[in-house]
Participant: 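My questions all concern the structure below.
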Amino acid sequence: MVTGGGKGRRKMREWSRGSFVCILSWQFRLHSLVAVPSAFRGSYICILSWQSLPSALPSDKRQFHLRFLQTSGNFVCASFRLAAVPSALPSDKRQFRLRFLLQFRLHPFYQFMQSAEHAWPQPGKNPSRHHRHHRRREEPCLPPSVAVRGLSPRVFVRHSQGSSPSLRSVRSNQSQAHCFFLELGRRRVIAVVCHCCLSPSVAVRGLSPRSLSSSVGIIQVKPPVRCLFPRSAPILHRIRPACRRLVAVALSKWKVEYVLLCFQGFQVELPSHRLLSSPSERPASKSHRLLPHFPFIAQQPSQPSFLSIAQPPGERGSLSRAVTVRRRQLWSTAATACSKAVRSPFEGFWVVVMVEESGRRKRPNILVTGTPGTGKTTTCTALAEATQLRHINVGDLVRDKNLHDGWDDELDCFVLNEDLVCDELEDQMEEGGNIVDYHGCDFFPERWFDCVVVLQTDNTVLYDRLSRRGYNESKLSNNIECEIFQVLLEEAKESYPEDRVVAMKSDTIEDINRNVSTLTDWVRNWHPTS
Ligand SMILES: Nc1ncnc2c1ncn2[C@@H]1O[C@H](COP(=O)(O)OP(=O)(O)OP(=O)(O)O)[C@@H](O)[C@H]1O
């Protein structure tokens with residue numbers, strides 16, 4: 001986005017020439033491309049995004065889809081998606097989505113992508129999961145080895161030498177902070193991830209799904225540049241000390257000059273003035289506490305996000321239209337903040353921007369999942385009545401709003417399009433107060449739900465219920481198997497923090513009444529901070 005006049009634009013161009021900008025984001029959406037103003041032409045820009053990193057998966061077992069969404073002018077935007085979890089790893093259903101990779105001309109990533117394109121195997125080789133009533137779209141899939149190199153930041157580097165990017169990660173044991181260096185040509189990007197519960201895998205890989213539940217990116221022009229980001233709102237109070245330590249480390253060890261922390265939707269009381277070089281630079285007011293140097297992204301406590309400050313640029317339109325992706329506040333905000341940050345009058349470095357996911361729902365979101373026939377709809381209907389939450393039956397929604405890729409004769413159902421479903425639900429989920437009813441849970445963003453209920457039914461009872469529905473033999477046995485092996489429970493545990501997942505028996509009407517009453521109490525006692 002270029003919002004400034006001619007002078008600002010020229011200046012921006014000047015600063016961005018030969019620079020590299022990398023935006024690492026979580027659940028990135030296309031409108032993040034607002035971060036790519038025309039002034040960046042000639043720069044290397046890359047936007048990487050992932051939903052979850054399957055740390056337990058042997059890297060060579062991962063498979064990813066790659067599809068180009070749009071090529072336009074100087075950039076290419078591509079999307080990676082997990083193709084399938086190999087059947088040899090039935091228990092690991094964690095998803096990895098590196099959705100978009102955006103590049104400007106001559107970007108090494110672009111070369112990588114081009115070479116990878118030739119290496120794609122034919123589509124449709126990956127096993128689909130039988131228990132779900134939808135299939136992932138069959139798209140060209142990168143060979144695992146290439147895909148992993150392309151997607152895992154650490155391994156990415158090894159893909160090629162010379163002018164290719166290189167990345168290594170370093171863990172700071174005293175701060176629970178993690179830093180990774182990305183080298184592109186002679187430029188070096190330093191990103192620092194600060195998290196209160198880095199898992200061991202983070203130390204190995206540098207990034208992990210849960211630890212990077214937030215976003216963002218940034219980055220630089222000439223060394224040194226850095227970014228720093230903590231995690232989610234509810235745990236910020238625990239993160240703060242780690243942040244401070246990290247900042248201290250960054251300031252001393254890595255000679256970080258400025259650290260910019262942006263949070264969405266809540267007030268953060270980081271002692272940012274400690275980062276400043278002189279007392280006169282200290283923030284004058286509470287609302288500017290975090291960002292005294294960067295008034296263009298000064299936090300507004302009364303606002304749920306930075307969006308009110310960052311206006312979406314006109315350039316966003318073309319891409320949004322091209323791919324029909326709904327605008328998501330978080331990312332347009334992050335991206336806009338990034339682009340604005342670029343305009344900051346600090347030569348020699350770019351500012352790192354981080355946007356936290358908002359924890360500001362006033363009412364909770366509940367996901368009720370389980371094998372078909374376990375009573376999700378019955379339970380959700382009663383619960384919605386008792387709590388006045390909104391019942392969203394994903395199956396109905398898919399059918400009514402055509403959020404699918406057609407009908408599957410074999411499975412006798414629509415092939416659900418996860419992206420369309422997520423985009424459709426995003427605004428409502430952000431608002432809160434929803435009960436989502438679906439027999440799958442691993443493709444919803446983890447941040448959406450405060451409670452994930454898995455209904456379970458005795459096999460014989462379920463068999464009778466499904467037979468009454470007239471299911472054919474294969475559909476019947478698939479669903480019964482799914483229940484026997486507790487596939488949905490496993491999936492929920494893999495996809496959400498365990499303390500958010502609750503299994504509930506649903507054999508009888510009494511079970512339903514009890515479950516509804518338990519959940520109603522939970523909803524009544526729920527607070528945004530809980
Ligand atoms: N706990 C229960 N006790 C008695 N009957 C139940 C119970 N749960 C569900 N049923 C009955 O089983 C049938 C299926 O229930 P329901 O439609 O709520 O299941 P579902 O999990 O939403 O299925 P689907 O995923 O296919 O939409 C309904 O006829 C419902 O009355």
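Counting starts at 1 for both ligands and their atoms, following the listed order. Just so you know, residue 1 is the first one in the sequence shown, and it goes up from there.
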Participant: Is the shortest distance from a heavy atom of S506 to ligand 1 less than 4.0 Å?
Facilitator: yes

Participant: What is the minimum heavy-atom distance between R469 and P372, and which atoms define it?
Facilitator: NH1-CB, 4.2 Å

Participant: Does K362 use its side chain to pair, donor to acceptor, with the backbone of E431 at less than 3.5 Å?
Facilitator: no

Participant: Students should be able to answer this: which protein heavy-atom is nearest to atom 19 (O) of ligand 1, and at what distance?
Facilitator: G375 N, 3.2 Å

Participant: Of all the non-hydrogen atoms in the protein, which one sits nearest to atom 25 (O) of ligand 1, and at what distance?
Facilitator: K376 NZ, 2.7 Å

Participant: Using the side-chain contact (heavy atoms from CB on, under 4.5 Å) definition, which of the options D507, I484, I480 pairs with L462?
Facilitator: I480

Participant: Near I512, which atoms of ligand 1 are under 4.0 Å from a heavy atom of that residue?
Facilitator: 1 (N), 2 (C), 7 (C), 8 (N)

Participant: Working note: T379 + N515, criterion side chain to side chain donor-acceptor pair (under 3.5 Å); need CA distance, chi angles, decisive distance, verdict.
Facilitator: CA-CA 8 Å; T379 306; N515 294 341; 5.4 Å; no

Participant: Considering R468, R465, K505, which one's heavy-atom position lies nearest to atom 4 (C) of ligand 1?
Facilitator: R465

Participant: Please state which protein non-hydrogen atom is closest to atom 27 (O) of ligand 1 and give its distance, to 0.1 Å?
Facilitator: T377 OG1, 3.6 Å

Participant: Which protein heavy atom lies closest to atom 23 (O) of ligand 1, and at what distance to 0.1 Å?
Facilitator: R469 NH2, 2.8 Å

Participant: Does the N or O separation between G373 and ligand 1 drop below 3.5 Å for any pair?
Facilitator: yes

Participant: Using a strict threshold of under 4.0 Å (side-chain N to carboxylate O), is an ion pair present between K505 and E510?
Facilitator: no

Participant: Looking only at heavy atoms, what is the nearest atom pair of V415 and W407, with distance?
Facilitator: CG2-C, 4.4 Å

Participant: For ligand 1, which is the ligand I care about here, please tell me if T379 has any N or O atom under 3.5 Å from one of the ligand's N or O atoms.
Facilitator: no

Participant: Does the protein place a non-hydrogen atom closer than 4.0 angstrom to atom 8 (N) of ligand 1?
Facilitator: yes

Participant: Side chain of Q456, backbone of Q486: donor and acceptor closer than 3.5 Å?
Facilitator: no

Participant: If you take the nearest heavy atom of each of T374, L455, T378, which one is closest to atom 28 (C) of ligand 1?
Facilitator: T378

Participant: Counting only heavy atoms, tell me which of D511, T508, T369 gets closest to atom 1 (N) of ligand 1.
Facilitator: T508

Participant: Checking side-chain contact (heavy atoms from CB on, under 4.5 Å) against L519, which of I435, L389, L383 comes through?
Facilitator: L383

